[in-house]
Amino acid sequence: MTTEMATAAATTDLEPLRNSVNGPVIGPHEEGYDEGRAIWNGAIDRHPAGLACCTGVADVVAAVRFARDRGLPVAVRSGGHGVGGHALCDGGLVIDLSPMKGIRVDPAARTARAEAGVLWGELDRETQLHGLATVGGIVTHTGIAGLTLGGGIGWLMRKHGATVDNLLSADLVTANGELLTASRDENPELFWGIRGGGGNFGVVTSFEYRLHPVGPIVLAGPIFHPLENARELLAFYREFIATAPDELTTIFELSVAPPVPLLPEEVHGKPVVMVGACYAGAPEDGIEVVRPLKEFGRPIVDLLEPKLYTELQSTFDPSVPHGWHRYWKAVELPPLTDDAIDTLVEHASVQTSPKSYCIVFQLGGAFARAGEADTAFSQRDAAHNVCINAVWTEDDLEGDRHVAWARDFFSAMQPHAGGRVYLNFLGDEGTERTRQAYGRRQYERLVELKRTYDPTNFFRLNQNIEP
Ligand SMILES: Cc1cc2nc3c(=O)[nH]c(=O)nc-3n(C[C@H](O)[C@H](O)[C@H](O)COP(=O)(O)OP(=O)(O)OC[C@H]3O[C@@H](n4cnc5c(N)ncnc54)[C@H](O)[C@@H]3O)c2cc1C
């Protein structure tokens, strides 16, 4: 924190905010401050002047006006999982939406409205009560807000599109404190922009999603193999997914087996490759589809079987707990070549921290059918999203070495990549990388929108689109 920021943090008078916000307003040295400024990535350590814990739209309007009138920088926090830590700031105001947990499912209309503080596990729980779901992330404790605003990929995407393709409307508070609704009929250009444009246009207070019949039992789960068999497995996988139906979405991951109960103890700490799949249809219809994957090689453990959708969604929770230190580098890939597979396996084999991993999502299907004109989340034609995750704990003094591993891995992937990246896998990497997430035409359209809704760049602590 600079001296200037420290002064701002210490001297901002929060009393007027306390008088206009229903939820707690927490300043430095007050109870709850350190808990309130802790986010998923433990490597982020920032000291805001205050945290406005909002309980509803009126609180958000009051917080925006308070910050705007005083020229305070504003960070917006929902699930707190953005790896770059834009949910926090030094010396400014954090508009914390995590207390906003309202969810209402309309089973007849197959829609759900959820407030911005809702996490994916919370939304799935309510929609699964009716055998419904929308396309969400693959970890229950990720926030719906940041994930939706950046696009949204997950187990259901090849059947039902990206999360933003299932967004029907959203309410948001603009930089001048005005409450707007964005949908196909109301403020359609804004609606296009928030479906991929991140937090650039306002604070979204609630989302309305389209739901689909899903589960409650789905044929899904991971299959683990030894990393030494990764080249053969991934060469087979490439052919397997080339003809996979839209119902099937797969993910593979190169890692060191974590000491979690779902894996036999003898593989804990050993390098592994995991291929996971979810069949978004009747489980009995998926059995023949996944058979080749289940029959390939000699897996360490095969958990691709019928299970509750909510169980699938929490499979990876134990391996991504809050508070560990993280550094991510991401790229998008065309269909895997032998060289790309070699590079992936080579770099995964020399990871410096046993907690690090590289995860690769299979795209295509309905996800790829949305066009540039549909949503700001574009460039849907990549075959894979790759996220290289360096992970370590606070007491591990080799953080720099783990970061260097991720950077080297990322550089080595460049010859195989198309110079694009998925916005939600970006850290705090600057404007050029944000542009890569959109491509030139989309970025220019977003700039125009930014000039309309936030010409002073009030919302700039994000993957920023400069007006
Ligand atoms: C463990 C883990 C698993 C993940 N899995 C997936 C996955 O399966 N699929 C996928 O697509 N992504 C995934 N991601 C990436 C995820 O989409 C991003 O990290 C996303 O930013 C998380 O949203 P959040 O609300 O939790 O985070 P936050 O840190 O609260 O928000 C991130 C940023 O989004 C903006 N923002 C958040 N809320 C609002 C709001 N209400 N109004 C305006 N702007 C807002 C702000 O700029 C904020 O800094 C994962 C991330 C993690 C850490």
Side-chain angles (χ1 to χ4, degrees), residues 38-42 44 46 54 57 60 63-64 74-89 94-98 100 114-123 135-157 162-164 170-175 182 193-194 196-207 249 251 253 276 278 312-324 326 328 330 357 359 361 363 367 377 385 387 389 391 422-428 434 453-454 458-465:
I39 55 172
W40 178 78
N41 184 359
I44 308 293
R46 296 195 179 134
C54 299
V57 176
V60 176
V64 165
V74 154
V76 180
R77 178 215 173 111
S78 290
H81 275 45
V83 74
H86 290 127
L88 294 178
C89 51
V94 173
I95 300 184
D96 182 354
L97 305 170
S98 57
M100 292 176 59
E115 286 188 306
V118 167
L119 309 179
W120 280 109
E122 295 163 345
L123 183 59
V135 180
I138 64 165
V139 168
T140 64
H141 48 72
T142 314
I144 61 164
L147 188 143
T148 301
L149 295 170
I153 63 175
W155 289 118
L156 305 176
M157 68 177 148
T163 307
V164 283
D171 286 349
L172 84 167
V173 176
T174 61
I194 59 166
N200 272 284
F201 307 107
V203 184
V204 175
T205 53
S206 68
F207 299 85
T249 296
I251 294 173
E253 185 179 284
C278 172
L312 168 73
Q313 286 293 75
S314 57
T315 306
F316 299 121
D317 288 3
S319 46
V320 287
H322 291 76
W324 288 356
R326 272 90 177 192
W328 289 7
Y357 58 94
I359 185 165
F361 291 72
L363 305 174
F367 172 87
F377 180 33
N385 258 331
C387 194
N389 293 233
V391 187
Y422 171 39
L423 190 90
N424 277 341
F425 290 167
L426 278 175
D428 194 2
T434 306
Y453 286 97
D454 186 18
F458 178 71
F459 296 113
R460 62 181 175 278
L461 302 177
N462 46 36
Q463 303 299 352
N464 197 228
I465 293 156

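Numbers here are sequence positions counted from 1. Atoms within each ligand, like the ligands themselves, are counted from 1 in listed order. This one's a predicted model, so the numbers in the text were calculated from it and none came from an experiment.
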Check your understanding: Strictly under 4.0 Å, does any heavy atom of Leu172 approach an atom of ligand 1?
Key -> no

**Study point:** Option with minimal heavy-atom separation from atom 47 (O) of ligand 1, where the choices are Thr163, Ile194, Asn462
**Key:** Asn462

Exercise for review: Kindly say whether Ile465 contributes a backbone atom to a donor-acceptor pair with the side chain of Asn200 at under 3.5 angstrom?
Suggested key: yes

Review point. What class does the angle between the rings of Phe201 and Tyr453 fall in, given that below 30° is parallel, 30 to 60° is tilted and above 60° is perpendicular?
Key: perpendicular

Review point. Does any N or O in the side chain of Tyr357 come within less than 3.5 Å of the main-chain N or O of Cys387, such that one atom is a donor and the other an acceptor?
Key: no

Point to revise | Shortest non-hydrogen contact from Phe316 toward Trp155 | key: CE1-CZ2, 3.8 Å

Practice item. Report the part of Phe425 (side chain from C-beta onward, or backbone N, CA, C, O) that has a heavy atom under 4.0 Å from ligand 1; answer both or neither where that applies. Key: side chain

Check your understanding: Purely on distance, is any nitrogen or oxygen of Gly79 under 3.5 Å from one on ligand 1?
Key -> yes

Review point. Once the angle between the rings of Phe367 and Phe377 is folded into 0 to 90°, is it parallel (under 30°), tilted (30 to 60°) or perpendicular (over 60°)?
Key: perpendicular

Practice item. Kindly identify the option in Ile138, Asn41, Leu119 whose heavy atom sits closest to atom 8 (O) of ligand 1. Key: Ile138

Revision key, fill the gap. On a heavy-atom basis, the closest approach of Phe459 and Thr174 is CE1-C, 3.9 Å

Review point. Is there any N or O on Tyr422 that sits under 3.5 Å from an N or O of ligand 1?
Key: yes

Check your understanding: Quick one: does ligand 1 sit under 4.0 Å from the side chain of Ala116, the backbone, both or neither, non-hydrogen atoms only?
Key -> side chain

Study note, to complete from the structure: Among Asp317, Ile153, Val173, Val135, closest by heavy atom to atom 9 (N) of ligand 1 is Ile153

Exercise for review: Give the single entry among Gln463, Glu115, His86, Met100 that approaches atom 49 (O) of ligand 1 most closely by any heavy atom.
Suggested key: His86

Practice item. Tell me which one of Val320, Val74, Val94, Val76 gets a heavy atom nearest to atom 46 (C) of ligand 1. Key: Val76

Point to revise | N or O contact, Gly143 vs ligand 1, cut-off under 3.5 Å | key: yes

Review point. Based purely on interatomic distance, does Gly154 place a nitrogen or oxygen under 3.5 Å from a nitrogen or oxygen of ligand 1?
Key: no

Review point. Would Gly198 count as a contact of ligand 1 if the rule is a heavy atom under 4.0 Å away?
Key: no

Check your understanding: Got an N/O contact under 3.5 Å between His81 and ligand 1?
Key -> yes

Review point. Does some non-hydrogen atom of Gly150 fall short of 4.0 Å from ligand 1?
Key: no

Exercise for review: Identify which of Asn424, Asp428, Ile39 has a heavy atom lying nearest to atom 17 (O) of ligand 1.
Suggested key: Asn424

Review point. Just distances here: any N/O of Gly80 and N/O of ligand 1 closer than 3.5 Å?
Key: yes

Review point. Do the ring planes of His81 and His141 sit parallel (below 30°), tilted (30 to 60°) or perpendicular (above 60°)?
Key: tilted

Study note, to complete from the structure: Under 4.0 Å between heavy atoms, the region of Leu149 that gets near ligand 1 turns out to be side chain

Exercise for review: Please indicate whether any nitrogen or oxygen in Val204 is less than 3.5 Å from any nitrogen or oxygen in ligand 1.
Suggested key: yes

Check your understanding: Is it true that a side-chain atom of Trp40 and a backbone atom of Val320 form a donor plus acceptor pair closer than 3.5 Å?
Key -> yes

Review point. Do side-chain atoms of Arg46 reach the backbone of Ile44 as a donor and acceptor pair under 3.5 angstrom?
Key: no

Review point. Less than 4.0 Å between atom 37 (C) of ligand 1 and some protein heavy atom, yes or no?
Key: yes

Check your understanding: Is Asn41 reaching over with its side chain to a backbone N or O of Ile39, donor-acceptor style, under 3.5 angstrom?
Key -> no

Study note, to complete from the structure: So for Phe316 against ligand 1, with non-hydrogen atoms under 4.0 Å, the contacting part is neither

Revision key, fill the gap. On a heavy-atom basis, the closest approach of Gln313 and Thr140 is O-CG2, 3.5 Å

Exercise for review: Specify side chain, backbone, both or neither for Val139, according to which of its non-hydrogen atoms lie closer than 4.0 Å to ligand 1.
Suggested key: side chain

Review point. Heavy atom of Trp328 under 4.0 Å from ligand 1?
Key: yes

Review point. N/O to N/O below 3.5 Å, does that happen between Trp40 and ligand 1?
Key: no

